Amino acid sequence: MSAADWWRDPLAPGQRHTEFDLTKPSPARMYDYYLGGKDNFEVDRTAVEEMHRVIPELFQTARENRAFLGRAVRYVAGQGVRQFIDLGAGLPTQGNVHEIARQVSREARVVYVDNDPVVAAHGRALLAEDGSTTIIERDVRKPDEILDDPALTRLIDLREPVAVLFVAVLHFISDAEYAARIIQRFRAAMAPGSYLVIAHGTRAAGAVAVSTMTKTYETATEKVSLRDPEEIVRFFDGFDLVEPGAVHLPWWHPEIEPHPEPRPTKWHFGGVARRPADGDRGRE
Ligand SMILES: C[S@@+](CC[C@H](N)C(=O)[O-])C[C@H]1O[C@@H](n2cnc3c(N)ncnc32)[C@H](O)[C@@H]1O
């Protein structure tokens with residue numbers, strides 16, 4: 001389904017939690033445009049092009065984030081995890097979580113979660129025939145609603161290890177304390193041996209870039225709050241970071257595919273961490 005077909009929304013009106021707003025740029029459609037996709041509108045492209053004039057590396061930073069997502073999923077699937085909850089999943093594009101995880105195991109099951117109705121509509125159209133992947137239109141700010149959603153509980157057995165992905169979504173939660181509480185709510189539901197994946201935009205690009213991005217997203221459906229690495233690393237509390245720890249994304253296992261591009265940037269920061277058994281911290 002292309003952007004022009006948005007009105008062919010397969011969701012019944014009662015199923016939709018938010019309405020299409022085509023007067024404001026949306027982070028999901030802007031990100032689609034950063035990555036060279038076609039599921040975006042004039043309002044998204046205009047906002048992105050205005051930022052791009054000030055931030056030449058803008059599109060590369062999105063590719064760096066997406067490549068990290070791919071490496072992290074390949075790594076976690078390689079540790080034997082077969083269930084994935086992808087929070088703030090974005091519009092289907094190249095290297096979707098289920099595609100990468102299934103390269104490692106055909107048994108991989110994926111629940112995509114996003115609060116953007118265009119993402120939900122596209123995802124449902126794409127995944128209609130697929131019994132081991134689904135998308136739910138939910139807000140990350142309401143973790144209980146996500147964890148209790150029958151579409152999730154049908155596919156994900158929380159007694160088994162699961163990978164919970166917060167890739168380029170926590171910077172849309174302006175209150176850092178609240179973001180940390182959301183992560184802890186998921187932690188409580190995750191079996192020992194589960195994995196947490198976080199990627200987060202930083203302020204490393206400098207004051208002008210940060211203020212340009214902040215102002216642009218003030219006109220969008222979600223505002224952005226870029227954070228420093230010291231703030232982002234706290235989101236891993238209660239988890240054991242795997243090597244090399246929390247780093248700028250191109251430096252996270254660059255030997256895994258998709259490899260980082262030459263001349264990496266420090267725009268995004270994050271890592272992968274394992275949930276230990278309660279009482280087992282430091283002994284694993
Ligand atoms: C920059 S995209 C990241 C997509 C994908 N995770 C990736 O990294 O390739 C951010 C996504 O998060 C979604 N999002 C933002 N705030 C959200 C929220 N409160 N609840 C659920 N999804 C949210 C947006 O709609 C968008 O699709």
Side-chain angles (χ1 to χ4, degrees), residues 3 6 16-21 24-37 39-41 44 47-48 51 58-73 84-101 110-123 126 135-147 149 152 163-176 178-179 181-183 185-186 196-202 213 216-217 220-226 249 252 258 267-272:
W6 63 269
R16 197 181 305 131
H17 300 280
T18 44
E19 292 302 318
F20 291 113
D21 185 346
K24 291 179 176 176
S26 102
R29 300 187 315 248
M30 290 163 77
Y31 185 68
D32 177 69
Y33 186 58
Y34 295 148
L35 292 176
D39 297 318
N40 46 73
F41 298 101
D44 309 304
V48 171
M51 278 194 290
L58 185 64
F59 296 159
Q60 179 182 339
T61 69
R63 294 194 302 272
E64 287 177 340
N65 175 71
R66 190 75 190 169
F68 164 77
L69 171 76
R71 295 199 295 281
V73 169
F84 296 80
I85 303 175
D86 185 8
L87 301 164
L91 281 153
T93 180
Q94 286 188 353
N96 298 304
V97 171
H98 69 287
E99 294 163 340
I100 294 174
V110 181
V111 174
Y112 292 108
V113 181
D114 206 288
N115 69 344
D116 187 313
V118 176
V119 173
H122 281 233
L126 186 81
I135 180 152
I136 56 178
E137 189 182 334
R138 294 266 176 213
D139 197 310
V140 168
R141 297 177 187 92
K142 297 183 177 166
D144 286 331
E145 290 184 4
I146 295 171
L147 289 163
D149 192 311
L152 183 142
V164 176
L165 279 54
F166 289 90
V167 179
V169 66
L170 289 170
H171 48 231
F172 296 112
I173 311 287
S174 51
D175 180 342
Y178 192 68
R181 284 213 297 279
I182 294 169
I183 296 165
R185 176 65 192 96
F186 278 96
L196 171 71
V197 179
I198 294 178
H200 196 299
T202 74
M213 186 163 265
T216 304
Y217 277 90
T221 54
E222 301 283 353
K223 297 182 183 21
V224 78
S225 300
L226 302 173
L249 300 187
W252 195 87
W267 266 80
H268 288 96
F269 185 86
V272 175

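Just follow the structure's listing: the first ligand is 1, and inside any ligand the first atom is 1. Predicted, not measured: the structure shown is a model, and the values here were computed from it. For the single chain, residues carry numbers from 1 onward in sequence order.
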Side-chain ion pair, Asp39 and Arg29, N-O less than 4.0 Å: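 Looking at Arg29 together with Asp39, the answer is no, because their closest N to O distance does not fall below 4.0 Å.
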
Under 4.0 Å between a Lys/Arg side-chain N and an Asp/Glu carboxylate O for Arg141 and Glu222?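 A salt bridge links Arg141 with Glu222.
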
Shortest non-hydrogen separation from [X] to [Y] and the atoms involved:
X	Y	answer
Ala101	Phe84	CB-CE1, 3.6 Å
Ala72	Val272	CB-CG2, 3.8 Å
Arg66	Gly95	NH2-O, 3.0 Å
Met30	Ala47	CE-CB, 4.3 Å
Leu249	Gly270	CD2-N, 3.5 Å

Using a 4.0 Å heavy-atom cut-off, say whether Val113 meets ligand 1 through its side chain, its backbone, both or neither.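 The answer is neither.
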
Side chain, backbone, both or neither: which part of Ala89 has a heavy atom under 4.0 Å from ligand 1?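 Backbone only.
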
Give the atom numbers and elements of ligand 1 that come within less than 4.0 Å of a heavy atom of [X].
X	answer
Ala28	25 (O), 26 (C), 27 (O)
Val169	12 (O), 14 (N), 15 (C), 17 (C), 23 (C)
Gly90	4 (C), 27 (O)
Arg141	19 (N)
Arg138	20 (N), 21 (C)
Val140	18 (C), 19 (N), 20 (N), 21 (C)

How far is [atom] from its nearest protein heavy atom, and which residue and atom is that?
atom	result
atom 7 (C) of ligand 1	Tyr31 OH, 3.3 Å
atom 14 (N) of ligand 1	Asn115 OD1, 3.6 Å
atom 11 (C) of ligand 1	Gly88 O, 3.5 Å
atom 15 (C) of ligand 1	Phe172 CD1, 3.7 Å
atom 10 (C) of ligand 1	Ala168 O, 3.3 Å

Would you indicate which of Asp139, Thr221, Val97, Asn65 comes nearest to atom 19 (N) of ligand 1 when only heavy atoms are counted?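 Of the listed residues, Asp139 has the closest heavy atom.
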
Out of Asp116, Val119, Ile146, Asp114, indicate the one that has the non-hydrogen atom closest to atom 24 (C) of ligand 1.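 Residue with the shortest heavy-atom distance to the ligand atom: Asp114.
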
Spacing of CZ belonging to Phe269 relative to CZ belonging to Phe68, to within rounding of 0.5 Å: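 Here the rounded value is 10.5 Å.
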
Consider only side-chain N and O atoms of Tyr34 and Asn65, and report whether a donor and an acceptor are under 3.5 Å apart.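 No pair is found: no donor N or O on one side chain lies under 3.5 Å from an acceptor on the other.
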
Can the ring centroids of His98 and Tyr112 be said to lie less than 6.0 angstrom from one another?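 That pair passes the under 6.0 Å test.
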
Any N or O on Leu69 sitting closer than 3.5 Å to an N or O of ligand 1?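 No; the residue has no nitrogen or oxygen that sits under 3.5 Å from a nitrogen or oxygen of the ligand.
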
Hey, can you tell me if His171 and His268 have their rings parallel, tilted or perpendicular (30° and 60° cut-offs)?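 His171 vs His268 ring planes: tilted.
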
Would you say Met30 touches ligand 1, if touching means a heavy atom closer than 4.0 Å?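 The answer is no: ligand 1 sits nowhere under 4.0 Å from a heavy atom of Met30.
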
